[in-house]
A.B. asks: 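After the structure tokens below, expect a handful of questions from me.
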Protein chains: 4
Amino acid sequence: MSAPRGFASDNYSGIHPEVLARIAAVNAGHAPAYGADEVTARAVGLFREHFGRDVEVFFTFNGTGANVTGLQALLAPYEHVICAESAHVNTDECGAPERFLGSKLVDVATPDGKLTPDLVASVARGWGDQHHVQPRVVSVTQPTELGTRYRVEEIAALAEWAHGRDMYLHMDGSRLANAAAGLGVGLAATSGEAGVDVLSFGGTKNGLLGGEAVVLFRPELAARFPFIRKQAMQLASKMRFTAAQFEALLTDDLWRRNAAHANAMALRLEQAVRDVPGVAVTRPVEANSVFAVVDPAAAEALQEDYAFYVWDDRTGEVRWMTSFDTEPADVDDFAAAIRRVCR
Amino acid sequence: MSAPRGFASDNYSGIHPEVLARIAAVNAGHAPAYGADEVTARAVGLFREHFGRDVEVFFTFNGTGANVTGLQALLAPYEHVICAESAHVNTDECGAPERFLGSKLVDVATPDGKLTPDLVASVARGWGDQHHVQPRVVSVTQPTELGTRYRVEEIAALAEWAHGRDMYLHMDGSRLANAAAGLGVGLAATSGEAGVDVLSFGGTKNGLLGGEAVVLFRPELAARFPFIRKQAMQLASKMRFTAAQFEALLTDDLWRRNAAHANAMALRLEQAVRDVPGVAVTRPVEANSVFAVVDPAAAEALQEDYAFYVWDDRTGEVRWMTSFDTEPADVDDFAAAIRRVCR
Amino acid sequence: MSAPRGFASDNYSGIHPEVLARIAAVNAGHAPAYGADEVTARAVGLFREHFGRDVEVFFTFNGTGANVTGLQALLAPYEHVICAESAHVNTDECGAPERFLGSKLVDVATPDGKLTPDLVASVARGWGDQHHVQPRVVSVTQPTELGTRYRVEEIAALAEWAHGRDMYLHMDGSRLANAAAGLGVGLAATSGEAGVDVLSFGGTKNGLLGGEAVVLFRPELAARFPFIRKQAMQLASKMRFTAAQFEALLTDDLWRRNAAHANAMALRLEQAVRDVPGVAVTRPVEANSVFAVVDPAAAEALQEDYAFYVWDDRTGEVRWMTSFDTEPADVDDFAAAIRRVCR
Amino acid sequence: MSAPRGFASDNYSGIHPEVLARIAAVNAGHAPAYGADEVTARAVGLFREHFGRDVEVFFTFNGTGANVTGLQALLAPYEHVICAESAHVNTDECGAPERFLGSKLVDVATPDGKLTPDLVASVARGWGDQHHVQPRVVSVTQPTELGTRYRVEEIAALAEWAHGRDMYLHMDGSRLANAAAGLGVGLAATSGEAGVDVLSFGGTKNGLLGGEAVVLFRPELAARFPFIRKQAMQLASKMRFTAAQFEALLTDDLWRRNAAHANAMALRLEQAVRDVPGVAVTRPVEANSVFAVVDPAAAEALQEDYAFYVWDDRTGEVRWMTSFDTEPADVDDFAAAIRRVCR
């Protein structure tokens with residue numbers, strides 16, 4: 001059943017042993033359902049240690065669920081979200097945001113997946129005009145879908161821009177750990193401390209069986225959130241098992257160990273292939289992925305042995321993604337294959 | 001962390017050891033995400049053994065997700081669902097059906113949680129009238145939220161009624177295993193073989209960590225279903241771990257072992273208390289719950305030591321629910337407490 | 001083209017001459033679209049004379065549009081509306097409330113179409129429980145779909161009940177003029193002055209070509225309303241012509257003249273037939289309709305010459321509705337026919 | 001009340017006398033509501049004369065209502081619409097399409113408001129991928145919001161492209177009459193005969209009080225449409241008055257007389273100002289609007305006497321729009337003012 005470790009996505013990986021052990025550890029007796037249990041309370045306590053003592057935390061099943069419920073906490077249907085064209089909410093959630101929120105997403109082309117106040121300003125308009133959806137939320141992905149990451153001051157500038165216009169800053173942090181590990185900062189540094197209002201904090205891609213968290217940096221949003229989550233079909237009954245996974249992730253810096261390792265593996269791959277003729281690395285490696293343009297025939301040949309995605313079939317750009325469980329030998333073997341095929 | 005085993009709900013229980021072992025067993029290496037893996041293929045194969053070789057199966061996160069996506073496969077927003085007043089879709093999903101489907105639920109009061117053709121007919125009207133939502137789906141719960149269950153011929157009669165009017169029959173089977181075990185039949189007997197078109201098959205309440213399945217008995221509904229599920233935020237990335245749980249459940253009849261045990265524990269409880277003065281068992285015990293009217297003060301006293309829900313605070317009716325892991329001693333202790341308190 | 005005046009519905013009638021004249025009168029030159037014109041300003045001024053100087057007013061195309069946008073101003077998708085089973089929002093809007101609001105309607109059976117605090121209380125539950133939609137709005141119809149009307153103190157009692165629970169009172173007043181004329185009070189007496197928060201004020205059934213108004217008695221709701229209305233596809237471009245119709249209706253008490261006349265015609269009909277053998281008037285005549293049980297064969301025979309609706313084909317109850325343009329001779333001829341056929 | 005005739009929008013104009021006369025003419029006696037009347041039948045007959053004998057026609061209140069219900073007939077929530085960035089559905093309907101359809105709009109930048117198969121192909125992707133909304137409808141505006149119009153063969157090429165991919169072609173024809181009049185063809189030439197599947201046919205901007213029509217060139221879509229329309233709050237009760245307006249518009253070629261006149265007035269204006277220093281006409285004048293760049297200060301000075309919109313405040317582009325009732329003297333006076341101010 002288990003395919004070899006490839007470079008398709010960090011969600012091809014399994015469960016980190018410490019996470020699975022924690023699931024097993026809380027599997028004793030009965031516990032109140034829907035989050036009224038002690039494991040959930042402990043996990044929320046750990047979130048407060050990492051993100052700030054006033055945050056409110058709600059677990060969801062997946063990243064789309066976290067993004068959509070988090071956005072729902074911030075806007076009305078006639079208000080809109082501004083995001084990068086490449087944002088996951090815009091391209092990979094099968095229209096769940098539009099369907100559930102009833103809101104329009106307004107997307108902006110970006111050179112590197114990152115929004116700036118200028119880019120946002122270029123599409124924020126129509127304030128007060130009843131024919132226009134009203135700008136209410138800026139949504140960023142940290143790190144971006146293109147493997148780039150925002151620096152603290154870049155997030156802060158977006159937050160300042162948004163808050164100055166009575167708007168909110170939302171962050172899709174399905175890989176926030178990778179950004180924080182790469183920057184050498186804590187989880188709050190580029191999220192809540194930089195002005196983010198609502199965060200989707202990812203767990204699944206960083207070693208969990210499955211689970212994401214909506215972190216509300218504005219506690220006043222918490223009263224309505226349980227209803228939003230339940231109506232969005234994102235409320236787990238045996239919540240202790242979601243909570244236990246996050247308990248593991250936030251204990252002994254497992255989040256950072258996993259993410260830093262995945263990042264290191266991406267850098268190792270990039271260094272191994274960047275000088276290979278026929279391989280053009282296209283983006284800075286700032287998280288756990290390497291983007292490169294290779295000849296389509298070479299990509300196809302490589303895919304016979306290694307899983308990965310062609311990111312853009314018009315340009316031949318491919319994405320190679322590493323994971324918490326990627327071994328140095330996996331990278332070295334893959335790099336050797338790339339050298340062999342691309343030459 | 002682990003509370004003692006009480007009688008609040010079968011979702012207070014944990015993960016059955018065989019299920020957890022299966023999760024661990026598939027946790028090796030990488031596997032394609034989103035269901036394109038071998039574990040999922042195997043699990044679907046097992047579903048076909050139990051439900052029929054032509055069924056299509058899609059896993060979701062929770063029961064609300066299974067119900068809403070399954071209904072979405074069957075109706076347009078201007079069409080309506082007929083269900084019992086006590087149905088989970090009607091009372092316990094925080095309006096997720098209305099929100100996501102855009103459809104009205106038309107509910108009917110029932111004596112015992114069960115629909116009949118006559119009850120359905122009493123609220124099915126307005127065919128062809130553009131001012132009325134159009135009847136399209138009858139939704140039953142097997143066993144019902146009141147612990148009663150449909151016999152095969154009762155389901156068949158509803159299916160015949162529905163199909164004769166170009167309508168569908170949907171089943172919320174979050175505890176279908178308990179009904180099938182109680183009737184001594186297979187999982188398909190009161191679902192697909194009796195004419196059900198779409199089934200929510202529950203796993204979480206029968207020993208899973210978390211996972212439900214939408215079983216489509218009309219394979220022509222399958223083409224659109226992946227998009228419905230993804231847009232409904234119900235697509236797991238590490239699908240192999242959901243699939244593995246169902247693999248365990250459908251292997252060596254674990255579903256039946258678990259369900260039959262829970263049913264037996266409910267009967268044991270009912271037999272132990274039915275003659276206790278001050279306890280009036282209110283419904284036939286046909287699955288894994290006992291409903292009874294007790295004095296509110298007695299209920300409150302009992303709740304100091306045992307978790308359970310007051311079902312209807314206007315009548316004093318309480319629900320005592322057993323689970324796959326309820327021990328005979330748990331029941332006997334609880335029954336003794338009931339005798340003590342209610343006398 | 002023009003059928004004779006029957007008794008099917010007040011929306012079978014045409015445009016009152018004063019209304020059509022007013023449309024023609026404002027049909028000169030250009031005017032700003034979407035409500036930024038002088039006619040709209042004047043009409044809003046007239047609303048403030050009738051309903052209170054602080055009300056905010058927004059015109060919509062039809063009653064369903066007024067109800068749905070008015071409710072949208074008051075609740076979130078996970079909150080619910082309590083209404084009578086017979087309410088227009090519940091039975092005759094093809095699920096537009098559920099579709100657009102995403103909210104559940106919770107309906108209550110009533111003897112006469114009227115809610116009471118006790119009836120509302122019987123279905124208002126689940127406060128604070130994340131599995132339950134949350135009670136937020138009580139919606140009444142004045143007069144009801146069954147031709148009965150609320151007295152001032154009955155509305156006030158419902159408002160007090162609702163406001164005491166942080167809930168709102170919404171009124172579907174598509175025929176509010178008929179209730180006010182019947183009670184001999186002004187339009188605000190049973191709406192804003194009695195505690196109604198948001199009113200759908202009907203025009204179409206009282207002599208307009210087409211137009212309804214949402215009257216907000218809580219001015220703080222006005223800021224978001226233009227966006228709600230536009231997104232609900234209820235914003236007219238040539239608004240001056242909607243406004244002109246209301247200008248006519250609220251000038252020289254045309255609203256009361258029309259409504260009082262229609263009411264008088266209903267009473268005339270009821271008096272003419274109440275002693276006819278084979279005719280059982282079933283409800284008090286408090287607005288512009290007469291409900292009666294007649295033999296189905298008699299009803300059918302009558303319908304050959306006169307349009308009207310069978311209200312309930314299980315009981316044989318029919319509805320005979322009068323309009324602003326019903327002539328005494330129309331009533332007398334119809335009553336004669338009834339006597340002839342039912343005898 | 002009546003402002004002088006300006007150049008803001010064709011919906012600043014009033015009701016054409018023949019239209020108002022027709023409303024008055026059908027205002028006699030009672031008529032069945034909701035479209036079951038003779039006027040509606042006659043109007044539909046006229047549509048069939050103009051658009052083809054198999055078309056099905058449904059009236060709506062406004063253009064947003066026509067667009068959204070017409071699109072709803074063609075797609076599921078997880079399918080998407082491809083439209084020009086400048087399309088009315090994308091920019092001026094306050095998110096009604098996303099809200100009601102639950103679907104994503106995917107927009108494309110265009111040089112002139114017109115889509116081409118290449119432009120559409122550049123954003124149509126993700127077929128069969130459950131993470132992506134699925135391409136289903138191409139929506140064009142004829143003439144475009146920028147005053148340009150499609151030739152017959154341009155529409156046909158888009159229809160061929162779409163139909164070859166199991167997609168549909170939708171047309172927002174709120175000003176279709178202006179395009180047809182300009183091309184010297186009938187109303188069907190660039191709509192149904194060129195392959196359009198569903199058309200929003202505009203009336204309000206061409207002399208009606210208010211009314212639009214959804215024309216279905218695929219009659220099999222008609223069965224569900226009444227429910228779509230009612231649930232979308234677009235069903236008029238006194239339908240005869242909407243129908244009567246279209247009866248006037250489609251009689252004696254009023255649609256063409258009005259549109260051709262408005263077009264001629266736009267050309268007259270363009271010819272009068274195109275050589276004025278300080279005025280740069282920016283787009284071909286192919287319908288009833290003139291786009292030009294003028295100095296912002298000049299625009300502001302002009303707006304003191306004449307209503308019109310600044311189309312893009314970043315470029316200084318303004319839109320001057322003519323109407324069926326624009327007089328040559330209005331144009332000449334305005335052109336003189338432009339010359340005076342811009343010099």
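Predicted model only: the values in this text are computed from it and were never measured. Chain letters run A, B, ... following the sequence lines, proteins first and then strands; every chain starts at 1.
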A.B. asks: Tell me, out of C:Ser13, C:Ala96, C:Ser9, who's got the most heavy-atom pairs with chain D below 4.5 Å.
C.D. replies: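 Most heavy-atom pairs within the cutoff with chain D belong to C:Ser13.
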
A.B. asks: Quick test of your reading: applying salt bridge (charged side-chain N to carboxylate O under 4.0 Å, His left out), list the pairs with at least one residue in residues 199-211 of chain D, sequence neighbours left out, ordered by first then second residue.
C.D. replies: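 Salt bridge (charged side-chain N to carboxylate O under 4.0 Å, His left out) check on residues 199-211 of chain D returns no pairs.
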
A.B. asks: May I ask you to list the residues in residues 221-233 of chain D that approach chain C closer than 4.5 angstrom, counting heavy atoms only, ordered by number?
C.D. replies: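 The stretch touches chain C at D:Phe227, D:Lys230, D:Gln231, D:Ala232, D:Met233.
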
A.B. asks: Just to be sure I understand the criterion: a residue of residues 17-24 of chain D counts if one of its heavy atoms is under 4.5 Å from a heavy atom of chain C. Which ones qualify?
C.D. replies: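 The stretch touches chain C at D:Leu20, D:Ile23, D:Ala24.
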
A.B. asks: Is D:Asn11 close to chain C through its backbone or its side chain, or both, or neither, when contacts mean heavy atoms under 4.5 Å?
C.D. replies: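 Looking at D:Asn11, backbone and side chain both touch chain C.
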
A.B. asks: Which region of D:Phe241, side chain (C-beta onward) or backbone (N, CA, C, O), has a non-hydrogen atom less than 4.5 Å from a non-hydrogen atom of chain C, or is it both or neither?
C.D. replies: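 When you check distances to chain C, only side chain atoms of D:Phe241 fall under 4.5 Å.
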
A.B. asks: Could you look at D:Thr60 and say if it's the side chain, the backbone, both or neither that has a heavy atom under 4.5 Å from chain C?
C.D. replies: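 When you check distances to chain C, no heavy atom of D:Thr60 falls under 4.5 Å.
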
A.B. asks: Looking at D:Ile15, is its backbone amide N or carbonyl O close enough to the side chain of C:Asn27 to form a donor-acceptor pair, meaning the two atoms are under 3.5 Å apart?
C.D. replies: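 The answer is yes, because a donor-acceptor pair under 3.5 Å joins these two groups.
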
A.B. asks: Between D:Asp330 and chain C, which part of the residue has a heavy atom less than 4.5 Å away: side chain, backbone, both or neither?
C.D. replies: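 D:Asp330 has no heavy atom closer than 4.5 Å to chain C.
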
A.B. asks: Quick check for you: to the nearest 0.5 Å, what is the distance between C:Phe100 atom CZ and D:Arg99 atom CZ?
C.D. replies: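 Spacing of CZ (C:Phe100) from CZ (D:Arg99) equals 3.5 Å.
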
A.B. asks: At a 4.5 Å cut-off on heavy atoms, which part of C:Ala307 comes close to chain D: side chain, backbone, both, or neither?
C.D. replies: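 Neither part; nothing is under 4.5 Å.
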
A.B. asks: For residues 64-71 of chain C, give me every residue with a non-hydrogen atom less than 4.5 Å from any non-hydrogen atom of chain D.
C.D. replies: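 C:Thr64, C:Gly65, C:Val68, listed by number.
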
A.B. asks: Give, for atom CG of D:Leu235 and atom CD of C:Glu93, the distance between the pair rounded to the nearest 0.5 Å.
C.D. replies: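 Rounded to the nearest 0.5 Å, the CG-CD separation comes out at 11.0 Å.
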
A.B. asks: Name the region of D:Ala8, side chain, backbone, both or neither, that has any atom closer than 4.5 Å to a heavy atom of chain C.
C.D. replies: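 For D:Ala8, neither part sits under 4.5 Å from chain C.
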
A.B. asks: Please say whether more than 12 non-hydrogen atoms of neighbouring residues, nucleotides or ligands are located less than 6.0 Å from CD in D:Glu300.
C.D. replies: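 Open: at most 12 neighbouring heavy atoms sit under 6.0 Å from CD of D:Glu300.
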
A.B. asks: Under 4.5 Å between any side-chain heavy atoms of C:Lys238 and D:Leu208, yes or no?
C.D. replies: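 No, too far: nothing below the 4.5 Å cut-off.
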
